[in-house]
Every structure is written in C-alpha cells, then in structure tokens.
2 protein chains.
Amino acid sequence: MRRNNPAGRLPEPLNPIADDGDETHFCRTCAFSGACIAEGYGKPELLELHCLVEHVGPFHAGEHIFRTGDPFRSIFAVRAGTVKTSMVDPDGHEQVLGFYLPGEVIGLNAIYPDQFPCDAVALDTAYFCRFSFPAMSALATRMPAVQQRLFRLISKELGMATLLAGDHNADMRMAAFLTDLAARYEERGFSGTRFHLSMSRGDIANYLRLAAETVSRVLSRFRQQGLIELEGREMLLRDPEGLRQIGRNLLSH
Amino acid sequence: MRRNNPAGRLPEPLNPIADDGDETHFCRTCAFSGACIAEGYGKPELLELHCLVEHVGPFHAGEHIFRTGDPFRSIFAVRAGTVKTSMVDPDGHEQVLGFYLPGEVIGLNAIYPDQFPCDAVALDTAYFCRFSFPAMSALATRMPAVQQRLFRLISKELGMATLLAGDHNADMRMAAFLTDLAARYEERGFSGTRFHLSMSRGDIANYLRLAAETVSRVLSRFRQQGLIELEGREMLLRDPEGLRQIGRNLLSH
DNA sequence: CGACAGAAATGACGTACGTCAAGCGCGCTT
DNA sequence: AAGCGCGCTTGACGTACGTCATTTCTGTCG
C-alpha cells in the first residue's frame with residue numbers, strides 16, 4: 001500500500017521531453033519536422049538544415065536564452081523544458097507574451113525589428129536547437145516547404161496574439177489558457193489532461209492580463225465546480241469539454 | 001471672408017490616396033516598393049511581380065473585400081481608402097482587429113489557417129492591388145528581398161497585435177492609437193497631425209477593447225486638456241508629443 | 001424645409017476585477 | 001528541527017470602466 005498514491009495526491013506526470021533527434025533526423029515533435037516529411041527526408045538540402053542546427057543547453061530555471069535588444073541571428077526550437085517570453089514596458093512592468101513547450105519555436109517576432117523585442121527565460125531545465133536565421137532563410141529560398149513552414153509558424157503566432165487581445169472575462173481567459181495548453185501537449189504526444197504547470201500563478205496572471213489573486217480565485221472556483229483537480233502545479237483536467245465551452249470564444253478550433 | 005473657415009471649424013484634410021503606380025512601377029507608398037528598391041527596379045523578376053498584380057476596386061463603404069472562411073489565395077495592398085478587419089466570435093460579438101491605410105497590406109493572417117480568419121470591410125471608397133499568394137511565394141523563392149519583405153510584414157503585424165494585448169487604461173490606449181495612426185499617415189507621406197478618422201467611434205472602441213461611451217469621454221477629456229482638436233471625424237493633434245507620452249508604454253518607437 | 005435615423009456626447013449607476021492585507025503551506029538553509 | 005522566505009490562497013474594499021438611459025448633433029431623404 002505504500003506504493004499507492006496517498007489519497008488526494010495526483011500521480012506524477014511524465015516530464016515533457018522531445019529530445020529524440022540525431023544528426024540526420026529531426027526530433028519527432030519538432031516544428032520543422034513537417035517540412036522534412038513534405039520534402040522527403042533524403043534530400044541533400046535537409047542535411048544542410050541539420051548542419052546549420054546547433055544543440056544548445058542546458059539552461060536552468062531563470063536563465064535567459066536571449067534578452068531584449070540582442071541582435072537577431074537565430075531562432076530556437078525547444079527540445080526539452082519550458083520557456084516564457086516577456087517584455088518590460090518603459091515603466092518597468094513585465095508583460096508575459098507566451099509560454100513555449102517542447103517542439104515549439106521562439107524568436108520569430110524578432111524578424112521585423114531585426115533584434116529580439118523580448119526576453120526569453122527558461123522556466124525549468126531547457127534544451128534547444130538553434131537555427132541560424134540567415135542560413136534558414138537562404139535554405140527557404142531553395143526549398144518551398146521550408147519557406148511555407150516559416151510563413152505558417154509566424155502567421156500562427158499572429159493568430160495566438162490576436163486571440164489574447166480580445167476582451168474576455170477571467171473565467172474565459174483561464175479556461176482557454178488551460179484548453180490551449182492541453183491541446184499543445186497532446187499535439188506533441190504528451191498527456192492532454194494531466195500536466196505540470198511550469199509557470200507560477202503570477203506568470204499565468206501576467207500572461208492573461210489578470211491579477212495573480214484573480215487567477216487563484218478562478219482556479220479555486222474551477223476546482224469547486226469539478227472542472228479541474230489541482231495540487232500545487234500538478235494539473236488534472238476533469239472536464240476538458242466543459243473548459244473548452246467556457247473558453248470557446250477565445251479558441252480557434 | 002466667406003472663403004475663410006468659420007471660427008471653430010477645422011480645415012478639410014487631404015484625402016489619403018496612394019495611387020501613383022503604373023505597369024512598371026509600384027505605388028510610391030506601397031509596402032512592397034522597398035523590396036523593389038532593394039533589388040533594383042530593372043530586374044525581370046519584378047516585372048513578373050507586376051504581372052501577378054491585379055488592380056481591384058472600387059469597393060464602397062461597408063462592402064467586403066473578403067469574408068471569414070474564404071479560401072486564402074491572395075493578399076491585398078491598399079491603394080486608396082481605409083479598411084477594417086474584424087472577427088465575430090461564437091457568440092456573435094464583433095472584434096475589430098485592425099485598420100489599414102493606403103500602402104498597407106491585408107490578408108497576412110490567413111497564411112497559417114489557409115483561409116481568411118476575419119472579414120475585411122471598406123470604411124470608405126477603397127482600391128487595392130491584389131497579389132496572388134502562391135505566385136508571390138514562388139517569386140519569394142527566387143528573390144530573397146521579396147521573401148524578406150514578407151517575413152518582415154508578418155512579423156511587424158505580430159508586433160502590433162502583441163502591443164494591443166497588454167492591459168492598459170483607456171487614456172493610454174487612445175493616445176497610443178492616435179499616435180500610431182499619425183505615424184502611419186506620416187510614413188506614407190500624408191499629414192501626421194491632421195487627418196480624417198474613417199472609422200466610427202464604435203469601431204475605435206471595439207478595436208481598443210473599450211465601450212463606445214468611454215471613447216467619447218476620453219476624446220472629450222483630451223480636447224479639454226488641449227491635446228487634440230476634434231470636430232466630428234476631423235482630427236487635429238495639437239500636442240502629439242503629449243499624446244506619445246501618455247501612450248508610450250504601448251508604442252514600440 | 002422639416003422629419004427622421006444613426007452617430008456621438010453626457011450623466012447616473014452597477015460590477016468585475018485590481019489592490020491591499022492577513023494567513024497558510026512548502027521547500028530552503030543552517 | 002527550527003527559522004526563514006516565497007508562492008499561493010482567501011477576504012475586505014476601492015475603482016476604472018461597462019451598461020443603461022437621455023439628450024444632442026449630423027447627415028439624408030422626402
């Protein structure tokens with residue numbers, strides 16, 4: 001009986017890792033793997049893409065991957081761990097822009113200003129693939145699927161930012177946040193109902209443009225309503241469909 | 001004396017038009033003209049780009065340029081007039097996403113979902129250049145400057161959406177909105193202090209995620225404070241620097 | 001010209017969420 | 001194990017903005 005979970009405790013979730021790439025294959029969950037499949041893995045150009053990838057990490061919780069103002073030279077695909085990106089406005093207030101899971105890509109919003117417009121900070125121990133952007137856009141020039149992939153990644157990010165910009169109440173924002181997170185975990189092959197929140201309540205609040213206290217209250221209410229189970233940062237979605245309904249105005253699919 | 005403006009009336013602003021292109025030159029203010037300058041106007045590929053442009057319009061106030069769900073085949077550069085884009089959420093509430101002036105490009109957010117995620121409606125009589133997107137991305141494959149231009153246009157749009165997503169009070173949002181509009185007019189060669197608001201107060205309110213009444217009140221206050229002069233939809237910025245200061249947290253430059 | 005409709009301004013009032021403050025639990029460090 | 005700090009929760013209260021209602025203005029059409 002000692003080996004069972006004590007009553008009221010959630011079981012440990014798997015630690016999300018997408019680190020199954022090698023010299024000639026992308027990680028299974030990588031945002032660029034789709035481009036490779038489209039083109040056929042054998043192409044010499046894809047080998048080039050592999051050559052221009054540099055594996056970096058580990059970064060530990062709190063460490064910066066890049067900082068506001070750094071010259072834009074690379075984009076990063078998350079191999080393992082979680083990242084938050086944030087800006088600080090002229091008054092010194094932090095603004096969380098997004099959270100990034102294994103397989104997702106950070107740095108795309110630096111293309112226009114040609115320097116990073118935000119900080120990227122590891123929330124836990126994180127590893128990355130670094131792609132030189134000049135090399136990548138040169139490759140995109142020769143490989144339509146890579147170009148397509150880049151366009152779509154940026155355009156997708158644009159869609160996310162747009163949704164967040166709507167005016168919605170705290171319940172909708174929170175429900176949409178959880179549903180989105182779940183969908184992204186699932187998409188990458190992790191559990192879509194049980195996962196670890198790598199970010200603090202404060203970060204979630206900031207991201208959703210709410211006060212940390214409001215986030216606490218909404219989560220407590222969701223728990224009372226049987227929508228979720230939550231212990232510390234271990235999340236279990238008990239009624240994903242219910243959450244999706246609450247947040248539907250903010251969710252594209 | 002009859003020819004002078006009566007006291008308290010603003011003079012008529014110029015009607016913004018950017019329609020000075022022909023078969024071999026882009027409109028002066030066009031978002032793509034930069035790509036041409038970078039490459040040198042003479043290149044045969046640019047003539048191709050001209051071939052794939054189709055001039056469309058006029059669209060009259062209230063007419064749709066495209067609708068949510070339309071298959072994505074083209075992007076549009078505004079040649080004259082003003083456009084608003086908007087989504088309706090599952091509850092039927094409209095969400096204004098943006099306003100587009102002559103020289104600016106609409107439709108970029110359709111790349112990822114491969115269909116238009118929003119409606120585009122003319123706010124006054126409007127003309128466009130329609131670019132076939134498949135043709136354009138094929139061209140981008142051969143012309144790095146065109147690819148670069150596309151990346152930057154999308155990335156810029158991403159930056160805009162991000163700013164709007166912050167939580168800021170009504171004064172800041174309004175001041176930033178006016179400052180941004182002024183900067184964009186100026187960038188395209190129009191007056192940056194005196195212009196016509198083609199959109200209703202309701203549309204502005206919706207865009208800024210405020211109530212129409214709040215917009216009215218803020219504008220009245222700005223007028224009392226001597227920041228602006230406003231008569232109907234004719235806007236004169238009396239203290240652009242003051243406005244910029246109020247909205248500085250929302251403005252990147 | 002006068003009548004009408006929609007847009008805009010202004011005032012009175014309600015509320016969702018922020019702010020402030022106190023208390024609790026959990027993981028460090030020594 | 002005790003002590004400390006930080007993240008989280010919960011309650012009490014304030015406020016910026018939304019909602020509702022009324023009035024005024026503007027442009028359009030008989």
Side-chain angles (χ1 to χ4, degrees), chain A residues 6 8-10 12 60-62 84 91 93-96 121 123-124 164 166-175 177 196-225 228-235 246 249-250, chain B residues 6 8-10 12 60-62 84 91 93-96 123-124 164 166-177 196-225 228-235 246 249-250:
Chain A
R9 300 221 131 223
L10 297 177
E12 281 298 301
H60 298 286
K84 82 167 175 190
D91 293 354
H93 302 132
E94 186 185 1
Q95 285 257 17
V96 174
V121 179
L123 292 176
D124 43 28
L164 203 74
D167 70 328
H168 304 283
N169 64 28
D171 284 26
M172 279 172 68
R173 298 183 105 92
M174 194 68 215
F177 171 69
H196 178 82
L197 297 171
S198 334
M199 66 296 285
S200 69
R201 302 288 193 274
D203 282 339
I204 297 174
N206 190 314
Y207 174 65
L208 299 177
R209 279 59 174 147
L210 299 169
E213 293 90 333
T214 304
V215 165
S216 258
R217 280 186 258 262
V218 172
L219 287 174
S220 298
R221 189 143 23 82
F222 281 3
R223 194 161 25 191
Q224 285 167 27
Q225 295 168 189
I228 62 170
E229 269 177 54
L230 179 59
E231 193 178 303
R233 295 187 178 183
E234 302 310 315
M235 174 64 76
I246 297 172
N249 286 358
L250 260 127
Chain B
R9 300 220 132 223
L10 296 178
E12 281 299 299
H60 298 287
K84 83 167 173 188
D91 293 356
H93 302 132
E94 185 186 2
Q95 284 258 17
V96 174
L123 293 176
D124 43 27
L164 203 74
D167 70 328
H168 304 282
N169 63 29
D171 284 25
M172 279 172 70
R173 297 182 107 91
M174 193 69 216
F177 170 69
H196 178 83
L197 297 171
S198 336
M199 66 295 286
S200 70
R201 303 286 194 275
D203 282 339
I204 297 175
N206 189 314
Y207 174 65
L208 298 177
R209 280 57 173 148
L210 299 169
E213 293 90 333
T214 305
V215 165
S216 259
R217 280 187 258 262
V218 172
L219 287 174
S220 298
R221 188 143 25 80
F222 280 4
R223 196 163 20 192
Q224 284 167 28
Q225 294 167 190
I228 61 172
E229 268 175 55
L230 179 59
E231 193 179 303
R233 294 186 177 184
E234 302 309 316
M235 173 64 75
I246 296 172
N249 286 358
L250 261 125

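Just so it is clear, the values below take in all heavy atoms, side chains as well, and ignore hydrogens, waters and symmetry mates. First the proteins, then the strands, lettered A, B, ... as listed; each starts at 1.
- The separation between A:Asn206 atom CG and D:dG7 atom C1' is 15 Å, rounded to whole Å.
- Atom CD of A:Gln224 and atom C1' of D:dT10 are 11 Å apart (whole Å).
- With rounding to whole Å, A:Glu234 atom CD is found 14 Å from C:dC26 atom P.
- Contact annotation: B:Arg201 side-chain N/O to C:dA8 OP1/OP2 distance is under 4.0 Å.
- Phosphate proximity of C:dT10 to B:Ser220: present, with a side-chain N or O under 4.0 Å from OP1 or OP2.
- The distance between atom CZ of A:Arg233 and atom P of C:dG27, rounded to the nearest whole Å, is 12 Å.
- Rounded to the nearest 0.5 Å, atoms CG (A:Leu208) and CE (A:Met172) are 12.0 Å apart.
- Counting all heavy atoms, side chain and backbone alike, B:Met235 lies closest to B:Leu197 at CE-CD1, 4.1 Å.
- The backbone N or O of B:Leu164 lies less than 3.5 Å from a partner atom in the side chain of B:Arg173, making a donor-acceptor pair.
- B:Met174 has its side chain out of reach of B:Arg221: every pair of non-hydrogen atoms, C-beta onward, lies at least 4.5 Å apart.
- At whole-Å resolution of the value, CG in B:Asp203 and P in C:dG6 are 16 Å apart.
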### Task
Under the side chain to side chain contact (heavy atoms under 4.5 Å, CB included) rule, what do A:Leu219 and A:Arg201 come out as? Steps first, then yes or no, please.
CA-CA 10 Å; A:Leu219 287 174; A:Arg201 302 288 193 274; 3.6 Å; yes

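- Residue B:Leu230 comes nearest to B:Arg233 through the heavy atom pair CD1-C, 4.4 Å, listed as atom of the first residue, atom of the second, then distance.
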### Query
Passes side chain to side chain contact (heavy atoms under 4.5 Å, CB included), A:Asn206 versus A:His93? Steps please.
CA-CA 10 Å; A:Asn206 190 314; A:His93 302 132; over 6 Å; no

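- Taking five base pairs at each end of the helix from C:dC1-D:dG30 to C:dT30-D:dA1 and finding the rotation axis that steps the C1' atoms of four pairs onto the next four gives two axes whose angle is 30°, to the nearest 10°.
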### Query
Can you check side chain to side chain contact (heavy atoms under 4.5 Å, CB included) on B:Phe177 and B:Leu250, steps first, answer last?
CA-CA 9 Å; B:Phe177 170 69; B:Leu250 261 125; over 6 Å; no

### Message
Please encode protein proximity along nucleotides 11-20 of chain C as a string of B, S and -, counting only heavy-atom distances under 4.0 Å.
### Response
BB----SSBB

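- At whole-Å resolution of the value, CD in A:Glu231 and P in D:dT9 are 12 Å apart.
- The separation between B:Leu197 atom CG and C:dA7 atom P is 15 Å, rounded to whole Å.
- For the pair B:Met199 CE and C:dA7 C1', the interatomic distance rounds to 15 Å; values are reported in whole Å.
- Base contact: B:Ser216 has a heavy atom under 4.0 Å from a base atom.
- Taking 4.5 Å as the limit, some side-chain heavy atom of B:Arg223 sits within range of a side-chain heavy atom of B:Ser220.
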